Amino acid sequence: MERNSILDISMTYTFKKIEQIWQDYWRISKIYEANNIYIKEKCYVLDMFPYPSGSGLHVGHTLGYIVSDIYARFKRSEGYNVLHPIGFDSFGLPTEQFAIQTGKHPIITTETNIKRYKKQLEELGFSLDWTREIRTSDSYYYRWTQWIFLQFLNSWYDKKLKKSRYIVELTKIFEREGNWKVKAFTVSKIKKFSNKAWKRFSINKKEEILQNFRLAYRSIAFVNWCKDLGTVLANDEVKDGRSERGGYLVYQKKMIQWNMRISAFTERLLSGLNKIEWPNALKEIQHHWIGKSYGAKLFFSIITHSFCLEVFTKQPYTIFEVSFIVLATASPVIKFIVTDRYKKEVEEYMQKIKNRNERLRRSKSHIFSGIFIGLYARNPFSKKEIPIYLSDSVLSSYGTGAVLVVLNSEGKCILPHYIKSSIKKIIEKGVGYGMINYRLRDVVFSRQRYWGEPIPIYLKKNGITENKLPLLLPEIDRYFPTKIGSTPLKKAKHWSWDEIKKEVVSNNLINKKNRYLIETSTMPAWAGSSWYMLRYMKQKINESFLEAEAEAYWTNVDLYIGGSEHATGHLIYARFWHLFLKDHQWINTDEPFKKLISQGMILGNSAFISKINDTQQFLSSGLIKNIQKVQKVPIDIHLLKNDNILDIEKFKNWRKEFYKADLITENGQFFCQRVVEKMSKSKFNVINPDKICAQFGADTLRIYEMFLGPVKQDKPWIDQGINGVHHFINKLWMLFHNKGNFVIEDSDFSPSLKEYKILHSITRKIREDMYFFSFNTAISAFMITINELSAIKCRKISILEPIVILIAPFAPHIAEELWHCMGYKNSVSFNPIPIYDGKYISEKTIQVSIMFDGKFSFQMHFSSEVKEKSIIDRVLNHPKMIQFSKINTFFKVIFIPYLGVNFIVSR
RNA sequence: GUCUAGAUGGUGAAAUGGUAGACACGCAGGACUUAAAAUUCUGUCUUUACGGGUUCGAAUCCCGUUCUAGACACCA
């Protein structure tokens with residue numbers, strides 16, 4: 001056969017040229033662009049989009065992208081219209097940090113980083129549709145994120161209809177009949193008012209009431225405030241009460257924040273889990289996160305006080321044995337009830353614990369720290385006096401912020417009807433009622449950051465006119481937060497809304513009549529990522545956030561791939577927004593992701609060094625003693641010379657803050673400590689695929705990452721073993737070539753039964769493994785196949801051609817090259833995956849293992865048609881068996897079809 | 001601390017109730033070669049973290065313990 005490739009050079013496997021040629025071909029021919037042609041059956045394959053950090057795409061990202069690309073390519077071969085897009089989650093903290101450190105505008109940094117990511121993605125041969133690329137920081141995109149926020153703001157949740165509705169419908173109800181019949185999710189109980197009363201309320205009063213109903217609303221929340229950095233920190237950025245950057249003290253501070261009323265959706269988020277094909281572990285995590293529990297709310301009257309305490313308990317049946325009641329430190333009732341005698345002690349305690357954030361309290365919750373406040377409650381059943389304590393291990397956000405403690409209880413598992421009967425008694429006595437409580441709480445939506453979507457609100461009044469969106473992120477001169485702890489946007493000078501002109505105007509024009517300051521906090525990173533999977537469906541630019549007909553066709557994601565670390569964040573928020581959008585009929589599905597595979601995390605080997613608190617001194621690892629208070633500072637693994645030795649020069653130049661670092665060495669060398677944790681830019685342990693790609697090619701990297709182990713399993717990154725995969729690709733190439741010639745036979749000799757068996761076995765194996773996403777075993781099956789075909793020097797096109805189609809999703813470049821070498825002009829991508837015929841695979845003989853007490857002894861062969869009885873007869877007549885039965889008695893014989901016979905000797 | 005996973009040779013792993021270690025890497029030795037690379041051949045790893053249970057039979061199912069990773073609400 002004549003060789004028919006674009007490539008006409010030497011016949012050795014030159015992956016660099018081959019991969020370049022086919023990547024260009026795919027880009028130019030646009031074969032991976034999904035058309036909204038609504039005839040073919042669709043398949044929407046999506047990855048969790050990356051955050052474009054400065055450290056580039058790493059081998060942990062690519063693991064998931066390779067899986068989805070293999071799946072997408074396989075589905076194309078099965079005849080589906082595949083949508084396989086990607087974009088960038090390009091708002092976020094690291095870019096802002098970088099701006100603070102370098103003064104570089106986040107827009108520029110983002111652009112540079114995305115360029116690098118795109119290049120990396122292209123070099124790996126992903127069959128992505130780049131025409132649908134989105135960026136959350138792009139105003140064309142965030143215009144609609146802002147628009148969705150306004151829909152939340154202008155909605156309330158109707159408990160009767162079990163869906164969100166617009167606020168205008170609610171005010172109509174108020175005007176008609178007051179709030180007597182309204183059942184809605186609200187922050188607190190609303191006093192009853194008539195339609196007449198509603199009409200009399202002032203605008204401010206009306207708004208005050210509506211705030212209780214809105215699905216986006218303001219409330220007071222605690223934040224981690226770092227005075228020295230002048231910023232709010234994530235719990236993640238706080239280590240042992242100090243900031244991870246710089247090691248400064250962190251305080252708890254109250255701030256007014258925007259929230260989203262996810263609590264209204266708890267039941268639907270729970271029941272929806274039954275409808276989706278997600279890993280059980282992931283569903284379990286969400287289940288626990290929502291944390292529905294049945295119990296009772298109990299009222300305890302406080303002795304010598306008019307106050308009544310409300311306590312939620314999951315174990316109302318223990319009420320007789322309650323030893324004491326513990327209140328959360330943030331519980332608002334404390335200041336009303338604490339007795340004068342204990343005031344000082346309580347204040348001291350409050351002072352002591354005030355800087356512990358929630359995570360610290362949770363992690364230390366086994367160590368009880370608390371204080372008696374001088375009051376007793378009356379047990380309504382036993383009439384005993386119960387002392388009341390105060391403790392920071394009780395969380396104010398769960399239940400009523402108070403817990404009942406029963407000493408010596410054994411935490412027995414109690415039957416539900418027992419809970420019911422105890423609730424019944426409680427109701428009879430009039431001291432409480434049955435109640436369902438959820439762990440899931442409303443989610444804080446505002447961030448005191450620059451690099452996020454502006455919240456389209458101006459103060460005193462509500463949202464900015466929808467058709468004036470996007471509200472563009474304003475320019476500021478420096479990205480530092482202000483010292484008083486407000487947000488970077490406070491520095492924007494042109495950040496006020498003119499109600500009449502409906503435009504952004506200078507702050508100098510604020511008059512509080514029709515020109516107001518615009519909200520200065522921004523949205524969290526999860527906002528943009530909560531609806532991006534919908535945006536990929538559309539093709540037109542900007543008339544709506546989604547075209548109805550595109551949504552009707554693509555509906556939702558058929559396969560979503562990403563890390564399970566997103567279980568309680570992104571994956572629950574996206575489901576929440578999806579339900580909300582469905583309520584307003586913008587979309588027609590309940591769930592955004594029908595099927596989800598959680599890829600295992602790639603773990604990296606991070607490095608850190610220890611800094612003595614409140615100094616600039618760093619200790620080499622051998623010098624650290626337990627007495628010293630040190631803080632662990634993560635450092636980039638590229639700053640290490642070898643093993644654990646720090647390159648001091650590089651380190652000092654790494655960041656401004658370390659230039660003056662005082663490094664205390666051991667014999668002139670500074671040793672770091674290492675720890676294995678997930679690969680992440682924030683942990684500075686990132687390994688990029690670029691080097692491997694350059695050395696071995698994309699096909700090798702793709703197959704290597706799949707060969708590394710099961711997709712779903714976490715695994716540390718190692719690159720030994722990549723040679724073996726490269727050899728395999730070479731062997732594949734050599735199967736088609738000999739001494740520089742393409743040697744696939746022109747005239748096709750009829751393949752032997754053995755060759756058919758090889759082909760049909762691998763076809764079945766690949767189809768099965770594709771179904772279970774068992775790509776590592778698929779690769780070893782390919783290796784075995786290629787080894788077998790090489791051994792018999794198979795050059796037959798009717799055997800090799802289907803194998804090229806089968807391997808194309810895994811190693812698309814070499815497959816495309818071989819495909820064209822075989823004389824084809826089209827891409828290998830759309831050729832049907834071969835089917836297998838069981839008759840070529842079935843075995844004529846079976847191996848039967850003979851076991852004694854389950855231990856293997858020897859093996860015999862039988863024709864597959866031989867029945868159980870004659871197998872046992874013939875085994876018993878085997879010389880070894882005759883020998884054996886002379887000295888042993890068998891109690892039992894167990895026949896295991898296709899496998900063996902087990903003789904039980906002992907009892 | 002709570003929730004979710006995981007633990008198998010020197011290394012990545014396979015086997016999901018039936019011969020543990022397929023497929024690779026590494027290492028050692030040989031062939032080819034002036035040499036190296038490439039290629040190729042041969043050899044190499046004793047029991048599944050620990051303790052108990054169920055079973056004719058357990059890496060696999062159940063209970064307990066230890067260790068590791070992830071999540072815990074402002075990293076994404």
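Source: prediction; values computed, not measured. A, B, ... follow the sequence lines: proteins, then strands. Residue 1 opens every chain.
Atom NE2 in H570(A) sits roughly 13 Å away from atom P in rA76(B) (whole-Å rounding). Computed from coordinates, the H726(A) NE2 to rU39(B) P distance equals 9 Å when rounded to whole Å. Distance N605(A) CG to rA69(B) C1': 14 Å, rounded to the nearest Å. Taking atom CZ on F852(A) and atom P on rG57(B), their separation rounds to 16 Å, with Å as the unit.
Nucleotides rU66(B) and rA76(B), compared at atom P, are 35 Å apart to the nearest Å. For rA49(B) and rA5(B), the C1' atoms lie 16 Å apart once the distance is rounded to whole Å. If you take atom P in rC23(B) and the same atom in rU68(B), they sit 34 Å apart, rounded to whole Å. As rounded to the nearest Å, rU40(B) and rU48(B) have P atoms that lie 35 Å from one another.
Base contact: W289(A) has a heavy atom under 4.0 Å from a base atom. Residue N224(A) is out of contact with every strand shown, counting any heavy-atom pair closer than 4.0 Å. Counting any heavy atom pair closer than 4.0 Å across all strands shown, E677(A) reaches sugar-phosphate atoms only and no base atom. Within 4.0 Å (heavy atoms only), A525(A) reaches sugar-phosphate atoms of the nucleic acid but no base atom. Within 4.0 Å of E244(A), counting heavy atoms only, lies no atom of the nucleic acid at all. No engagement by S53(A) is indicated, since no non-hydrogen atom pair under 4.0 Å with the nucleic acid exists. Residue R245(A) is classed as having no contact, given no heavy-atom separation below 4.0 Å to the nucleic acid. Within 4.0 Å of S682(A), counting heavy atoms only, lies at least one base atom of the nucleic acid. Within 4.0 Å of N730(A), counting heavy atoms only, lies no atom of the nucleic acid at all. V676(A) comes within 4.0 angstrom of the backbone, heavy atoms only, and of no base.
At the phosphate of rC72(B), neither OP1 nor OP2 sits under 4.0 Å from any side-chain N or O atom of H288(A). Between N235(A) and the phosphate of rA71(B), there is no side-chain N or O to OP1/OP2 separation shorter than 4.0 Å. Proximity of K678(A) to the phosphate of rA71(B): a side-chain N or O atom is located under 4.0 Å from OP1 or OP2.
For V232(A), the listed nucleotide lying nearest its side chain is rC74(B); candidates were rC74(B), rA73(B), rC23(B).
Of the residues listed (D236(A), L233(A), T231(A)), the one engaging N224(A) in a side chain to side chain contact (heavy atoms under 4.5 Å, CB included) is L233(A), and it is the only one. Each of T487(A), T520(A), T522(A), L489(A) was scored for a side chain to side chain contact (heavy atoms under 4.5 Å, CB included) with Y450(A), with one residue passing: L489(A).
The closest side-chain donor-acceptor pair between S293(A) and N437(A), if any, does not fall under 3.5 angstrom. Between Q286(A) and R575(A), the side chains place a donor N or O and an acceptor N or O closer than 3.5 Å (distance only, hydrogens not considered). Of the N and O atoms on the side chains of T700(A) and H726(A), at least one donor lies less than 3.5 Å from an acceptor on the other residue. Looking at D47(A) and Y560(A), their side chains never bring a donor and an acceptor atom within 3.5 Å of each other. Remark: the Q101(A) side chain and the E96(A) side chain contain no N/O donor-acceptor pair separated by less than 3.5 Å.
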Do any N or O atoms of the protein come closer than 3.5 Å to N or O atoms of nucleotides 11-18 of chain B, and which pairs are they?
{"unit_1": "rG12(B)", "atom_1": "O2'", "unit_2": "L708(A)", "atom_2": "O", "d": "2.4"}
{"unit_1": "rA13(B)", "atom_1": "OP1", "unit_2": "Q713(A)", "atom_2": "NE2", "d": "3.1"}
{"unit_1": "rA13(B)", "atom_1": "O5'", "unit_2": "L708(A)", "atom_2": "O", "d": "3.4"}
{"unit_1": "rA13(B)", "atom_1": "O3'", "unit_2": "N776(A)", "atom_2": "ND2", "d": "3.4"}
{"unit_1": "rA14(B)", "atom_1": "OP1", "unit_2": "N776(A)", "atom_2": "ND2", "d": "2.6"}
{"unit_1": "rG18(B)", "atom_1": "N2", "unit_2": "N902(A)", "atom_2": "ND2", "d": "2.8"}

Under-3.5 Å N/O pairs linking protein and nucleotides 58-63 of chain B:
none

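Taking all atoms of both residues into account, the shortest heavy-atom contact from G721(A) to Y704(A) is C-CE1, 3.7 Å.
Other residues, nucleotides and ligands contribute more than 12 heavy atoms inside 6.0 Å of the NZ atom of K292(A).
Applying the 90° cutoff around 0 to the glycosidic angle, rG53(B) is assigned anti.
Here rA37(B) sits opposite no nucleotide as a Watson-Crick or G-U wobble pair (both hydrogen-bonding atom distances under 3.5 Å).
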Verdict with reasoning, T145(A) to W531(A), per side-chain hydrogen bond (donor to acceptor under 3.5 Å, both in side chains): CA-CA 8 Å; T145(A) 311; W531(A) 73 281; 3.0 Å; yes
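In terms of polar N and O atoms assigned as donor or acceptor, the side chain of E284(A) never comes within less than 3.5 Å of the base of rC3(B) in a complementary pairing.
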